[in-house]
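Worksheet: one structure, shown below.
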Amino acid sequence: MTKKTTKRLEDHFENFNSISEIFLTFADLSPAGIYLYQDGKFIYVNKAGEKISGYTIDELKGMELLSLIHPEDHETVKKIMERREKGEKLEAHHYLRIKHKNGGYRNLYVVSNTVMYKGKPAGIGIALDITEKNDLQEKLAYLSSHDELTGLYNRNFLIEEFKELINLAKSNQYSLAFLYIDIVRFKEIINIYGHSTGDFILKEIGQQLKKSLKEDYVIGRLSGDKFGVVIPKLEKIENVSKVAEKIINILENHIRLDNKEVPLTASIGITIYPYDGKTVEELIKNAEIAMNHAKKISKKENRSKYMFFSYKLGKQIEEKIKLKELLKTSLKYNKDEFLLYYQPIVNLKTGRLEGFEALVRWKSEKFGILPSEKFIQIAEETGEIINLGKLIIEKAVNHLQILDEKGFKNFKVAINISSEQLKSESFIKHVSKITENLSKKDRIILWTLGITGESGEVADHLKKALRGDCSIEDKKEDLIKEIGDVMWYGALLADELGVSLEEVAKININKLSSRKMRGKMMGSGDNR
């Protein structure tokens with residue numbers, strides 16, 4: 001309320017000595033609460049004041065003003081009232097809390113002044129209800145530091161707290177630990193149960209971590225299904241292992257969905273300050289390196305795994321990153337760096353040379369000659385396996401054409417391909433196009449690594465078919481379903497029986513993918 005407005009109201013009361021019709025109309029239309037009190041009791045409250053307090057005007061009339069005020073605000077209000085009763089012209093701007101009729105408290109911003117009413121000093125004020133605004137500010141403040149879904153600290157706040165703890169550890173010369181937690185195959189859970197169930201599980205994880213770990217631990221959600229835990233003061237390294245094992249136990253045995261346990265697999269990377277890094281960025285980065293390494297083992301062994309960071313591991317990752325960048329560049333600009341070596345394929349029954357198996361090597365200017373186990377996995381992870389596969393087939397076809405010119409027209413070349421290549425339409429089309437000039441397309445034989453696990457029955461059936469013990473047609477539908485509905489260029493399904501390529505070529509299933517059965521004839525180990 002401005003001084004000008006207050007003066008007008010004061011003049012109004014002096015002149016009329018009563019609440020006029022004009023004032024009542026003005027006050028009742030106001031969205032702000034307007035009140036008048038004298039001798040510590042309400043004389044008048046408008047309709048907005050009713051809404052703010054929850055009391056009717058009749059209930060408020062004669063009510064002690066202090067009976068509505070929050071106890072912590074009593075002293076402030078009492079001092080203002082005392083000064084008004086002495087007739088002091090006091091304009092006050094302040095925040096206070098009043099007790100609503102339902103028992104809760106409302107936050108008000110009040111502008112008030114002293115007026116004369118019926119010849120005596122009185123207080124008049126305008127009250128704005130700012131409860132929702134305060135609630136919003138509190139929520140925004142909460143969200144600035146917390147993850148809304150899990151209730152844990154968010155990444156930014158965790159990092160800020162982490163920095164403060166590092167400063168304390170540095171000043172007091174003690175260690176601390178950071179654990180980087182990832183839920184293995186969480187995307188599969190979302191694909192099966194949906195995003196809402198995934199959110200519920202993440203919320204459960206947050207609650208269980210807060211409930212089970214010590215209060216002074218800083219626990220946060222880093223992103224998605226990844227969490228971080230800072231142990232602020234580390235007395236023994238062994239204690240970190242116990243915390244990691246406790247977290248694994250929580251995730252494997254205490255996450256519930258519809259009153260049923262949802263066993264989760266976790267991979268955890270651990271770093272120790274100051275040994276594995278002296279900044280938050282270093283410690284989190286190195287913990288993530290350790291976590292990713294643990295994750296590979298978790299997926300392979302189908303169990304939770306935690307791992308401490310080591311600089312040897314860090315160097316391996318660093319080298320891998322460099323290889324990723326160089327591989328992409330070489331496949332685009334330096335294709336001659338990729339060489340094909342050939343391993344002979346000999347029919348064990350006849351002793352006749354039937355073809356070759358192509359093995360790729362990378363002659364890098366920076367790293368020297370690299371065997372395929374050094375870069376094939378990287379190519380698969382980055383998606384460059386498609387381009388690498390195309391290049392290998394181009395080179396193999398070119399070499400077959402050179403053999404043709406020299407009169408050797410019956411040799412075949414076997415090339416190992418991955419499932420990602422089989423799924424790639426561009427790869428299949430490229431193979432079809434590049435083999436057009438060969439006398440027979442099945443001179444390029446594509447195969448993938450052996451059929452295992454649930455497909456074992458299919459593998460056995462293929463073996464029997466090669467021996468002549470049964471017909472491929474007997475299980476044609478199963479074979480197509482299990483092995484894959486993809487384009488093929490001949491089939492190399494060789495085992496220790498020493499089956500020739502001619503015998504294998506008799507197997508003709510439309511759109512049957514090529515597969516290699518592990519066996520002595522082809523040898524073992526890397527075949528790319």
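Only a predicted model underlies this, so the values are computations on that prediction, with no experimental measurement involved.
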- [ ] Before giving the answer on side-chain contact (heavy atoms from CB on, under 4.5 Å), spell out for K324 and E381 the whole-Å C-alpha distance, their side-chain angles and the decisive distance to 0.1 Å.
- [x] CA-CA 9 Å; K324 281 183 179 181; E381 289 175 3; 3.7 Å; yes
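- H254 and E204 form no side-chain donor-acceptor contact under 3.5 Å, judged by distance and modelled atom types alone.
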Task: Steps toward side-chain hydrogen bond (donor to acceptor under 3.5 Å, both in side chains) verdict (E252, S304) - done: CA-CA 8 Å; E252 289 184 345; S304 294; 2.8 Å; yes
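- Counting only distance, with no hydrogens or angles, the side chain of T131 and the backbone of N107 share a donor-acceptor pair below 3.5 Å.
- The distance from the CD atom of E357 to the CG atom of N416 is 7.5 Å, given to the nearest 0.5 Å.
- The CG atom of L68 lies 11.0 Å from the OH atom of Y35; values are rounded to the nearest 0.5 Å.
- Of all heavy-atom pairs between N286 and F309, the closest is O-CD1, 3.3 Å.
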TODO: Check the pair E373 / Q377 against side-chain hydrogen bond (donor to acceptor under 3.5 Å, both in side chains), numbers first and verdict last.
DONE: CA-CA 7 Å; E373 63 264 20; Q377 185 179 354; over 6 Å; no
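- Residues Y273 and F178 keep their aromatic ring centres 6.0 Å or farther apart.
- Remark: side-chain polar atoms of R221 are not paired, donor with acceptor, to backbone N or O of L202 under 3.5 angstrom.
- Under the 30°/60° scheme for interplanar angles, the aromatic rings of W362 and F375 are found to stand perpendicular.
- With hydrogens and angles disregarded, no donor-acceptor distance shorter than 3.5 Å links the side chain of S330 to the backbone of L327.
- Heavy-atom minimum distance, G49 versus V45: CA-CG1, 3.5 Å.
- A distance of 9.0 Å separates CD in E282 from CD1 in I166, rounded to the nearest 0.5 Å.
- The shortest side-chain heavy-atom distance between D73 and Y95 does not fall under the 4.5 Å cut-off.
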Task: Criterion side-chain contact (heavy atoms from CB on, under 4.5 Å) on L323 and L370, from CA distance to verdict - done: CA-CA 11 Å; L323 278 173; L370 297 171; 3.8 Å; yes
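- Heavy-atom neighbours of Y275 OH from other residues, nucleotides or ligands within 6.0 Å: at or below the threshold of 12.
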- [ ] Begin with the C-alpha distance, continue with both residues' side-chain angles, and end with the deciding distance and a verdict on side-chain hydrogen bond (donor to acceptor under 3.5 Å, both in side chains) for H100 and Y55.
- [x] CA-CA 8 Å; H100 193 275; Y55 293 95; over 6 Å; no
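- Under 3.5 Å, the side chains of T150 and D147 contain a donor-acceptor pair of N or O atoms.
- Between Y37 and F42, the gap from one ring centroid to the other reaches at least 6.0 Å.
- At least one donor-acceptor pair closer than 3.5 Å links the side chain of K395 to the backbone N or O of F338.
- Between the side chains of E384 and N387, a donor-acceptor pair is found at a separation under 3.5 Å.
- Atom-to-atom distance recorded for I181:CD1 and L209:CG is 5.5 Å, nearest 0.5 angstrom.
- A salt bridge links R303 with E301; the closest basic N to acidic carboxylate O contact falls under 4.0 Å.
- Counting only heavy atoms from C-beta outward, the side chains of K285 and E281 never approach each other to under 4.5 Å.
- Taking both residues in full, the closest heavy atoms of A127 and I52 are given as O-CD1, 3.8 Å, listed atom of the first, atom of the second, then distance.
- Taking CD1 of I270 as the start and OG of S241 as the end, the distance is 6.0 Å to the nearest 0.5 Å.
- Using a distance-only test at 3.5 Å, with no hydrogens or angles considered, a donor-acceptor pair links the side chain of N154 to the main chain of F157.
- Residue Y193 qualifies as open at atom OH: its count of foreign heavy atoms under 6.0 Å is 12 or below.
- Side-chain contact between Q207 and K203 is present, with heavy atoms from C-beta onward closer than 4.5 Å.
- Counting all heavy atoms, side chain and backbone alike, S426 lies closest to K390 at OG-NZ, 3.6 Å.
- Using a distance-only test at 3.5 Å, with no hydrogens or angles considered, no donor-acceptor pair links the side chain of R155 to the main chain of L158.
- Contact of the I80 side chain with the H94 side chain is registered, since non-hydrogen atoms from C-beta on lie closer than 4.5 Å.
- F227 places none of its side-chain heavy atoms less than 4.5 Å from the side chain of D182.
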- [ ] Determine, step by step, whether V77 and L96 satisfy the side-chain contact (heavy atoms from CB on, under 4.5 Å) criterion, reporting the C-alpha distance in whole Å, the side-chain angles of both residues, the deciding distance to 0.1 Å, and the verdict.
- [x] CA-CA 9 Å; V77 176; L96 58 82; 4.0 Å; yes
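- Ion pair E245/K242 not flagged as a salt bridge, since none of the NZ, NE, NH1 or NH2 atoms sits closer than 4.0 Å to an Asp/Glu carboxylate oxygen.
- The nearest pair of heavy atoms linking G198 to I190 is CA-CG1, 4.4 Å.
- Although no hydrogens or angles enter the test, the distance criterion places a donor-acceptor pair under 3.5 Å between the side chain of K246 and the main chain of S212.
- Other residues, nucleotides and ligands contribute more than 12 heavy atoms inside 6.0 Å of the NZ atom of K101.
- Counting heavy-atom neighbours within 6.0 Å of K363 NZ, excluding the residue itself, gives a total of 12 or less.
- Using a 4.5 Å cut-off on side-chain heavy atoms (C-beta onward), M307 and K305 make contact.
- Here R106 pairs with E132 in a salt bridge; the nearest charged N to carboxylate O distance falls below 4.0 Å.
- R97 and E72 are joined by a salt bridge, as a carboxylate oxygen and a charged side-chain nitrogen come within less than 4.0 angstrom of each other.
- Between the D276 side chain and the I272 main chain, a donor and an acceptor come within less than 3.5 Å of each other.
- Judged purely by atom type and a 3.5 angstrom limit, T329 uses its side chain to pair as donor or acceptor with the backbone of E325.
- Listed here is the closest heavy atom pair of L165 and L176: O-CD2, 3.5 Å.
- The local environment of NZ in K328 is sparse, with at most 12 non-hydrogen atoms from other residues, nucleotides or ligands closer than 6.0 Å.
- Contact check for F367 versus L326: side-chain heavy atoms found under the 4.5 Å cut-off.
- Neither side chain, H146 nor E148, offers a donor N or O lying under 3.5 Å from an acceptor on the other.
- There is a side-chain donor-acceptor pair under 3.5 Å between S112 and R84.
- Atom-to-atom distance recorded for H430:NE2 and I393:CD1 is 7.0 Å, nearest 0.5 angstrom.
- Side-chain contact between V243 and L179 is present, with at least one heavy-atom pair separated by less than 4.5 Å.
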